[in-house]
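Following: one structure in structure tokens, then a few remarks.
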Amino acid sequence: KQEVTQIPAALSVPEGENLVLNCSFTDSAIYNLQWFRQDPGKGLTSLLLIQSSQREQTSGRLNASLDKSSGRSTLYIAASQPGDSATYLCAASGTYKYIFGTGTRLKVLA
Amino acid sequence: DAGVTQSPTHLIKTRGQQVTLRCSPISGHKSVSWYQQVLGQGPQFIFQYYEKEERGRGNFPDRFSARQFPNYSSELNVNALLLGDSALYLCASSLPGLDGRTLHFGNGTRLTVT
């Protein structure tokens, strides 16, 4: 049974700092690993998707890596801004569903 | 292009009642999934539908049911509501298959059961 864990549960950093969010999963037989952002009371916004054959994906200030053998993914945010404050969720896909972690709640202080 | 749309945005129901939630996928997306997100937790998978057929079901009781229509929109029905059904219900659509396919979510329906 796939389990996804995210550490830390919450993080508070000053503006401009680079940071790393961690995601681990127990079953390496995944199709994709997707990172999402969720603002309070809202739906999920897709940030990056890494296919099982890929090692990393980049979009602007975001970089996500995937190491299937160790069951880990990281989301790197460069030069953080107050607008980055949100909950970040990672999800590992099986045949027809995604298994989500509980998220990391990020607060970037101005 | 419109994203995934869900209705209603908020709903208050009493224990024992029934509720229907609606979802319209992104144009061209034939796969629709439903997730339940309890406050402070990650979303939990409920159903996936593709081409009007159920392709996957999560660990939810039979009180939960869904269907997909010929235009690929979908409804989630929950019968005999319990207090524990209070949650944000999220609908997501994607192109067929999960390999390399981004999951796109709507803003959800906030269900409160009193």
Rounded distance (nearest 0.5 Å) linking atom [atom1] of [X] with atom [atom2] of [Y]:
X: B:Thr102; Y: A:Gln34; atom1: OG1; atom2: CD; value: 5.0 Å
X: B:Leu90; Y: A:Phe100; atom1: CG; atom2: CZ; value: 8.0 Å
X: A:Lys97; Y: B:Gln44; atom1: NZ; atom2: CD; value: 9.0 Å

**Q.** Inter-chain contacts: residues 106-114 of chain B against chain A, heavy atoms under 4.5 Å
**A.** B:Gly106, B:Asn107, B:Arg110
Q) Which of residues 35-42 of chain B get closer than 4.5 angstrom to chain A, counting heavy atoms alone? A) B:Tyr35, B:Gln37, B:Gly40, B:Gln41, B:Gly42
ILVMFWY cluster, [X] and [Y] together (side-chain gap under 4.5 Å):
X: B:Leu103; Y: B:Leu76; result: no
X: B:Tyr72; Y: B:Trp34; result: no
X: A:Leu49; Y: A:Tyr76; result: no
X: A:Trp35; Y: A:Ile77; result: yes
X: A:Leu33; Y: A:Leu89; result: no

Taking atom [atom1] of [X] as the centre, report whether more than 12 heavy atoms of other residues, nucleotides or ligands fall under 6.0 Å from it.
X: B:Lys52; atom1: NZ; answer: yes
X: B:Asn59; atom1: CG; answer: no
X: A:Arg55; atom1: CZ; answer: no
X: A:Gln57; atom1: CD; answer: yes
X: B:Arg15; atom1: CZ; answer: no
X: B:Leu82; atom1: CG; answer: yes
X: A:Arg105; atom1: CZ; answer: no

Q | Audit row: B:Leu88, A:Lys42, side chain to side chain contact (heavy atoms under 4.5 Å, CB included) steps and yes/no | A | CA-CA 9 Å; B:Leu88 181 67; A:Lys42 300 292 187 183; over 6 Å; no
Q) So which of A:Ile99, A:Thr102, A:Leu48 has the biggest tally of heavy-atom pairs under 4.5 Å with chain B? A) A:Thr102
Q.
When you compare the side chain of B:Pro43 with that of A:Leu44, does any pair of heavy atoms fall below 4.5 Å?
A.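 Yes - at least one pair of side-chain heavy atoms lies under 4.5 Å apart.
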Q. What is the ring orientation for B:Phe45 with A:Tyr96, classed by angle as parallel under 30°, tilted 30 to 60°, or perpendicular over 60°?
A. tilted
Q) Relative to chain B, which segment of A:Gln38 carries a heavy atom at a distance below 4.5 Å: side chain, backbone, both, or neither? A)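 It is the side chain, since no backbone atom gets that close.
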